[in-house]
Amino acid sequence: MLQNTNRRYDSRNQDTIPPDFRLPMVSLSDVVDFIRRRLAIISLTCLVTLAIAFLYLINAAPTFTASAKLVIDSKAAPADAASVSTIVESQIEIITSESIANAVIEKLGLAEDPEFARRDGGGLRGKIRSTLQLLGWRRPATEASATRHALESFERKLSAKRVGLTYIVNITFDSTDPVRAAQILNTVAEIYIAAQMDAKFKSSLRSEKWIIDRINKLSSQASDAQKALANYRKRTNIADSAQPVDPGTSPSQLTTKMQGELRELEVAVESTARTYDNFLRLVRYMEAQQQSSPALEAHLLAEAAPPLRASSPKVGNVLGISTVGGVLLGIAIGILRDLSDRGIATSGQVWRELQTVCIAVVPRVESGGLWRKLTTIFSGPAETNPMKSVSLKRPVASIRNGSVSIAMPSTTDGDRLSKRALSSSTSTDRPRPRNIVRAESPIWTITDAPQSRFTESFLELKLAIDTMNRSGKRNQVIGITSTQPNEGKSTVAGALALLMAHAGARVILVDCNLRNQSLSAELAPAAAFGILDIMTGAVSVSETTWTDPVSQLAFLPVGNNSRPIHACDLLTLEKLDRLFQTLREDYEYIIIDLPAVAPFADVRAAAHLLDSFILVVEWGRTDISIVQRALKVCTDMDELMLGVTLNKADVSLLKEYELRA
């Protein structure tokens, strides 16, 4: 994990904060360790995202974007930025309006274009839509719906925006055909300019007609007022309105009522004449203003040309985003792995979580000739394999973990094996001890690469055993068990016994794993008899023991017994005690391969045979809670437990885990 709650903080107030409330701190070294530890996951996710990006680039249809610029001339004052912005934004809305789009679609026939038309033909979607139409759940496609769908597609592809604070509007259009994109964009600009000119012309016509109508109306009103005044004067024998009325006229000649009517007609004439003159002056002023300040106009700077390169997908952006996304996804997966990682990876973690000593950390070793060659090159010369000098006549199959290795016993041994298998238990024809089969197994790294880290880890195990002997405690029979199956305990038992024997000690390796005889299948695949036959008295120990001619390691297999076996009962028999008493007299060390602790009770049943036992835990994978439960099961054997051995450690990550701890 990136977080490390065990580091001290540089803040002055950290000492006063309770430990449970202190925030975790991430240092640069933690980040580097995390990246090195999870580099494989990050690299794998990057490769996956890059592969997805390449598939997208291969299958994605290229899109071409044509571009054109319109200049909008406004009569607004340059200093009035708000008015200019309002005018330009208004024209942008007009350019992207449905009226312009409908005009372009109708002129170019885009409703029938496959790029804009709804494709209801083949494919699953077309079949689904056809089925829905038959069921009456969907209306059939009409010309109006096709035009509407083309309009929606057109609006998605067309865009317009103002260039900075200028009067220039940049319009773009996306299409899979570069020529088609330029054609549509030029048509948009053409229709927009034509629409603006048409609107301006219609507006001018409407204004001119209104002005003419208004002038005619005002002129008619003034003329009517003049006629009314003249008729009144003529009817009442009053002088022309141009001649002022004599104030000295007698009341007999002009009554008060007539004077009032005459005055009203004169006021009406003056008012209509004044209104007519004012409107004429206003019209002349507006015409002068229009000549000095032109109205809103727009023109195209340059026609749109077909683009030379596709605007999307952008290869650089796609690859960059996929790379960054892969790294982030890998980091997220790595963090989740760290958060969910309940395995044990360091000796310090063994002590903190289990309160038990970690004796050694055994690195993972892969079986095979390549590993032998590598370990030979980097760790020293390999010893000669004694099996090469054996006369190989007839193969015997050995099955281990699903693979088959072939061992070739001699003709004499094969004949005796056949005779012994067919004879009764009282026959005097006993097979002699056989040689342990040296198949491709990590066990033989002890002798093939004596300077390797694998061998060094078993030297630590032997040192812990010898230290117990030097302290005065008896430590002759050592059991090797694990928390659960497939953690490599049989390999640990075989390699430890081989190391002790290679050092000159008299050692026997006993396979007491009656539930899974993998060690017997590996070292003595042709064994017809074993520990079960010794307990029945059918054979002796010397007749059942297999030996490695190089290290003189003795091996006692389980044997091929087809009778039902109750492992717990067998391990508590008195005959087994007498057998191990005999082995104690003949050998310095007795290494026992026991079943796993978690699913079985065999280890507790065999506790009376042991001087100590070693618990094998798979590095980084076995859950801590499983190990803790296994130790609780073996609480009555605490005094026999020598310690824990972490097996199958990844050497490349081991240092990072130790630094993190």
Side-chain angles (χ1 to χ4, degrees), residues 63-113 115-118 143-178 180-207 210 286 289-290 293-307 311-312:
T63 301
F64 297 88
T65 302
S67 176
K69 288 183 173 59
L70 281 172
V71 178
I72 299 174
D73 296 333
S74 174
K75 62 180 181 179
D80 191 0
S83 299
V84 173
S85 177
T86 301
I87 292 172
V88 176
E89 293 296 332
S90 299
Q91 297 307 307
I92 290 176
E93 291 299 322
I94 295 174
I95 293 171
T96 57
S97 64
E98 288 190 6
S99 60
I100 299 294
N102 282 323
V104 175
I105 292 172
E106 182 179 358
K107 183 176 181 179
L108 299 180
L110 298 182
E112 304 298 330
D113 194 313
E115 184 178 354
F116 298 90
R118 184 190 297 273
E143 184 178 355
S145 63
T147 303
R148 189 64 189 175
H149 186 270
L151 177 62
E152 293 175 355
S153 178
F154 185 91
E155 290 178 342
R156 287 195 301 268
K157 297 175 181 292
L158 179 66
S159 63
K161 63 179 180 179
R162 185 182 180 186
V163 180
L165 299 177
T166 65
Y167 289 97
I168 300 175
V169 176
N170 183 38
I171 56 176
T172 59
F173 192 84
D174 299 331
S175 177
T176 56
D177 185 357
R180 191 68 163 166
Q183 179 189 13
I184 293 174
L185 196 57
N186 289 328
T187 305
V188 170
E190 177 186 346
I191 291 178
Y192 165 72
I193 295 174
Q196 292 297 102
M197 294 177 64
D198 186 59
K200 179 181 177 182
F201 178 72
K202 290 180 180 180
S203 177
S204 298
L205 289 179
R206 287 193 297 268
S207 299
W210 181 83
M286 291 176 63
Q289 287 294 112
Q290 289 180 357
S293 300
L296 179 66
E297 294 181 354
H299 64 275
L300 190 63
L301 284 178
E303 291 187 353
S311 58
S312 66

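Keep in mind that what you see is a predicted model, and the values were worked out from it rather than measured. Note: hydrogens, waters and symmetry copies are ignored here, and every other heavy atom, side chains too, is used.
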For the pair V88 and I168, evaluate side chain to side chain contact (heavy atoms under 4.5 Å, CB included) and give the outcome as yes or no after the intermediate values.
-> CA-CA 8 Å; V88 176; I168 300 175; over 6 Å; no
Can you list everything that forms a side-chain contact (heavy atoms from CB on, under 4.5 Å) with [X]? Sequence neighbours excluded, please.
{"X": "S97", "answer": "S99, I100"}
{"X": "E89", "answer": "S85, I92, R162"}
{"X": "A101", "answer": "L151, F154"}

Tell me, please, which residues at least two apart from E190 pass salt bridge (charged side-chain N to carboxylate O under 4.0 Å, His left out).
-> K107
Please name all residues satisfying salt bridge (charged side-chain N to carboxylate O under 4.0 Å, His left out) with E98, sequence neighbours left out, ordered by chain then number.
-> R148
Residues which pass side chain to side chain donor-acceptor pair (under 3.5 Å) with [X], listed by chain and number, not counting sequence neighbours:
{"X": "D174", "value": "T65"}
{"X": "T86", "value": "none"}
{"X": "K69", "value": "none"}
{"X": "S90", "value": "none"}

I need the [X] [atom1] to [Y] [atom2] distance, nearest 0.5 Å.
{"X": "D113", "Y": "I105", "atom1": "CG", "atom2": "CD1", "value": "10.5 Å"}
{"X": "Y167", "Y": "I72", "atom1": "OH", "atom2": "CD1", "value": "10.0 Å"}
{"X": "I171", "Y": "S67", "atom1": "CD1", "atom2": "OG", "value": "8.0 Å"}

Show the nearest heavy-atom pair for residues [X] and [Y], with the distance to one decimal.
{"X": "A305", "Y": "A66", "value": "O-CB, 4.4 Å"}
{"X": "F173", "Y": "I184", "value": "CE2-CD1, 3.5 Å"}
{"X": "A68", "Y": "N170", "value": "O-OD1, 3.1 Å"}
{"X": "V169", "Y": "A160", "value": "CG1-CB, 4.1 Å"}
{"X": "F116", "Y": "L110", "value": "CB-O, 3.4 Å"}
{"X": "L70", "Y": "I193", "value": "CD2-CD1, 4.0 Å"}

Determine whether more than 12 heavy atoms belonging to other residues, nucleotides or ligands lie under 6.0 Å from atom CG of L165.
-> no
Quick check: are there more than 12 heavy atoms from other residues, nucleotides or ligands sitting under 6.0 Å from CD of E155?
-> yes
Do E115 and R180 meet the salt-bridge criterion of a basic N to acidic O distance under 4.0 Å?
-> no
Taking atom types as modelled, find out whether S311 and T63 have a side-chain donor-acceptor pair closer than 3.5 angstrom.
-> no
